[in-house]
Amino acid sequence: VSENSDNPHPGLAAVVLAAGQGTRMKSRWPKVLHQAAGRPMLEHVLQAVAALRPRRTVVVLGAGADQVRSALPPGVDSVLQESQLGTGHALAQAAAAVGSSAGEVLVLYGDMPLLRPETLRSLVEARGGAVASLLTAQIAGLSGYGRILRSPNGSIQTIVEEVEASPEQRAITETNSGVYCFESPWIWDALSRLNLHPNGEYYLTDVVGLAVEEGRAVVGVPAADPDEVQGVNNRAQLAQAEATLRQRIRQRLMLAGVTLVDPPTAYIDGTVVVGADTVVYPNTILEGRTTIGEGCVIGPNSHIRDSSVGAGCRVIASVVEEATLEDEVRVGPFSHLRPGAYLCRGVFLGNYAEVKNSRLGPGTEMHHFSYVGDATVGANVNVAAGVITCNFDAETQEKNATTIEDDVALGSDTMLVAPVRVGAGAITGAGSVVTKDVAPDTVVRGVPARPARATKTRGSPVAKGRS
Ligand code: UD1
Ligand code: CA
């Protein structure tokens, strides 16, 4: 609980209704855990709410409560609505958890991932001395939304649900988005006075009529962008929300100096950081906790997840997962960096190069169809075509480590049978099967590999020819 004087709404609490089954999703997962732009819908909602720094945030759970509860971030409370008796009943479940110290209560749904903090803030501010403010949207036609009924002088009278509305009322285009700010403790008393509807539900919307009967004002706040209040009820609407969220992310990145050559085909999560002057080519997916430095070229056809890419890198038609690239690294086409790959400055990976749980030192090159796993590779090593670290021992079922020191040249088709170490400046001949450690500056060849001659001159150019 922050008592900071710079918080304009120190008495604000938030309640997110998320107990509904979400039947139309046709899913075994709770609706609010379905992802839009890389994060559960509920997380988007909670993030928008958190921007207002409420003293308390309570999520009302029902269907799939255990799953949703375990997805809640720290500091967010939950209550259980045992049976889904409507939105009014759902909010009432949160009364004790919100507590009597709250002065106002923001209420919204867990399936509205497009809501922006600014919109919530303006709703809270618009309430003023009224007992409630509610967010409205202009939506024509059959929409499932409640209609806002106003008196001749323009003040809000009541909300009528579409199923209970007369044809004239259905023609009203001003609809209830389901986002409210209520005065507390007024709202808790009002909820206790709700009547049951014939469908067995208590409607939260009925508190508007109760307020008006008491002569208390209710303020309607039109949503600037009706898209923003679009709730997600089925997978088609989920796809629309996804598209809108992704477009917002692209817009933010482009205005921050990132070039997206074909914006609709750049799929970038909101959590991803991209530096200025980076160019993202078509069909590229950037996910999770990914950071891309300045001046990179990413794509076409690349997929990067939970990775750190330095400045001036190129990643073309490749997959990068939980990997780190320092500056000026070139990857692809058709490389696969798996978890724990760490490529130092200036590393060059070419076609069909796979690296897992390995560090490649500065300037090391690996141009064609090779596998390096559980290895530490030094600087300026040349890994020729077809080199493989045989890290898995089928007899012991263990993964073993390979160490390749600086300036080594591994000839084409070298098999490194781990655990094994190749000393600095050593050379392996084409087709070598290295089963024993190789001393520095030694040339080995054959199956199994044996020293071909005692030493080579350190730094000799013989090894650096590239196929
Ligand atoms: C509700 C409003 C309607 C508004 C619409 C906007 C009421 C009676 N109607 O419609 O005016 O236009 O939202 O989307 O409030 N929930 C619970 N527990 C329950 C019932 C619902 O937690 O017992 C949650 C659901 O998970 C959902 C939200 O409340 O997130 C709204 O429920 P939903 O059934 O979609 O609302 P509607 O009745 O269609
Ligand atoms: Ca709904």
Side-chain angles (χ1 to χ4, degrees), residues 14-25 27 29-34 40-42 44-46 49 58-65 67-69 78-95 97 107-115 132 134-149 156-165 169-170 172-180 182 187 190-191 194-210 218 220 222-223 226-234 237-238 241:
V15 178
V16 179
L17 306 186
Q21 180 77 53
T23 322
R24 285 168 285 173
M25 294 298 282
S27 174
W29 306 106
K31 175 163 80 172
V32 294
L33 293 188
H34 281 258
M41 285 197 274
L42 181 58
H44 289 283
V45 172
L46 289 174
V49 166
V58 180
V59 181
V60 180
L61 304 175
Q67 285 164 296
V68 181
R69 195 181 292 109
S78 65
V79 293
L80 186 65
Q81 184 192 23
E82 304 249 5
S83 43
Q84 275 68 73
L85 301 179
T87 49
H89 180 261
L91 179 56
Q93 307 311 301
V107 178
L108 65 172
Y109 304 156
D111 62 3
M112 302 176 80
L114 300 176
L115 278 174
L134 52 98
L135 195 63
T136 68
Q138 292 294 334
I139 297 170
L142 288 181
S143 57
Y145 288 105
R147 305 298 202 273
I148 309 283
L149 269 56
I156 292 181
Q157 287 302 108
T158 188
I159 300 174
V160 179
E161 290 307 297
E162 190 170 272
V163 284
E164 297 180 355
Q169 290 168 338
R170 285 187 187 186
I172 295 170
T173 55
E174 189 183 18
T175 62
N176 171 33
S177 68
V179 184
Y180 316 84
F182 295 112
I187 181 60
L191 290 176
L194 291 180
N195 293 317
L196 198 60
H197 281 250
N199 67 353
E201 291 192 8
Y202 295 94
Y203 291 180
L204 175 53
T205 44
D206 285 350
V207 301
V208 172
L210 291 179
V218 172
D227 274 358
E228 201 181 322
V229 299
Q230 176 67 60
V232 170
N233 296 310
N234 57 44
Q237 289 170 337
L238 181 65

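Everything numeric here is computed off the predicted structure, so don't read it as measured data. Every number for a ligand or one of its atoms is a count from 1 in the order of the listing.
- The side-chain contact (heavy atoms from CB on, under 4.5 Å) search around Gln138 returns Thr173, Glu174, not counting sequence neighbours.
- The number of heavy-atom neighbours closer than 6.0 Å to OH of Tyr145, taken from other residues, nucleotides and ligands shown, is above 12.
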**OP:** Using the salt bridge (Lys or Arg N to Asp or Glu O under 4.0 Å) rule, take Arg170 and Glu162 through it: C-alpha gap first, then chi angles, then the decisive distance, then the call.
**Re:** CA-CA 6 Å; Arg170 285 187 187 186; Glu162 190 170 272; 5.9 Å; no
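- For the side chain to side chain contact (heavy atoms under 4.5 Å, CB included) with Val32, the lone residue among Leu42, Val59, Val232, Leu17 that qualifies is Leu42.
- In this structure, Thr205 is part of the shell of residues with a heavy atom less than 4.0 angstrom from ligand 1.
- Side-chain contact between Tyr109 and Thr87: present, with at least one pair of heavy atoms (C-beta onward) separated by less than 4.5 Å.
- Within the listing of ligand 1, atoms 17 (C), 18 (N), 22 (O) sit less than 4.0 angstrom from a heavy atom of Ala90.
- Close contacts of ligand 1 with Gly146, meaning ligand atoms under 4.0 Å from a residue heavy atom, involve 3 (C), 4 (C), 11 (O), 12 (O).
- When side chains are defined from C-beta on, Asn195 does not count as touching Asp206, because their heavy atoms never get closer than 4.5 Å.
- The Ala18 neighbourhood of ligand 1 comprises atoms 22 (O), 26 (O), with distances under 4.0 Å to a heavy atom of that residue.
- Contact between His89 and ligand 1 is absent, with no heavy atom of the residue lying under 4.0 Å from the ligand.
- Within the 4.0 Å heavy-atom shell around ligand 1 one does not find Gly62.
- Between Gly86 and ligand 1, at least one N/O pair is under 3.5 Å apart.
- Side-chain contact check for Ile148 versus Ile159: some heavy-atom pair is nearer than 4.5 Å.
- The closest approach between any non-hydrogen atom of Val60 and ligand 1 is not below 4.0 Å.
- Contact between Gly231 and ligand 1 is absent, with no heavy atom of the residue lying under 4.0 Å from the ligand.
- Taking every non-hydrogen atom of Gly20 and a distance limit under 4.0 Å, the qualifying atoms of ligand 1 come out as 17 (C), 22 (O), 25 (C), 26 (O).
- At a 4.0 Å heavy-atom cut-off, ligand 1 does not touch Val32 at all.
- Residue-to-ligand polar distances place Asn176 within reach of ligand 1: an N/O pair is separated by less than 3.5 Å.
- Partners of Tyr203 by ring pair (Phe, Tyr, Trp, His ring centres under 6.0 Å), not counting sequence neighbours, listed by chain and number: His197.
- Taking each of Glu161, Gln230, Gln81, Glu162 in turn, the one with a heavy atom nearest to atom 9 (N) of ligand 1 proves to be Glu161.
- Of all atoms in ligand 1, listed by their number and element, those nearer than 4.0 Å to a heavy atom of Leu85 are 23 (O).
- Of the options Tyr180, Tyr109, Tyr203, the smallest heavy-atom separation from atom 13 (O) of ligand 1 is shown by Tyr109.
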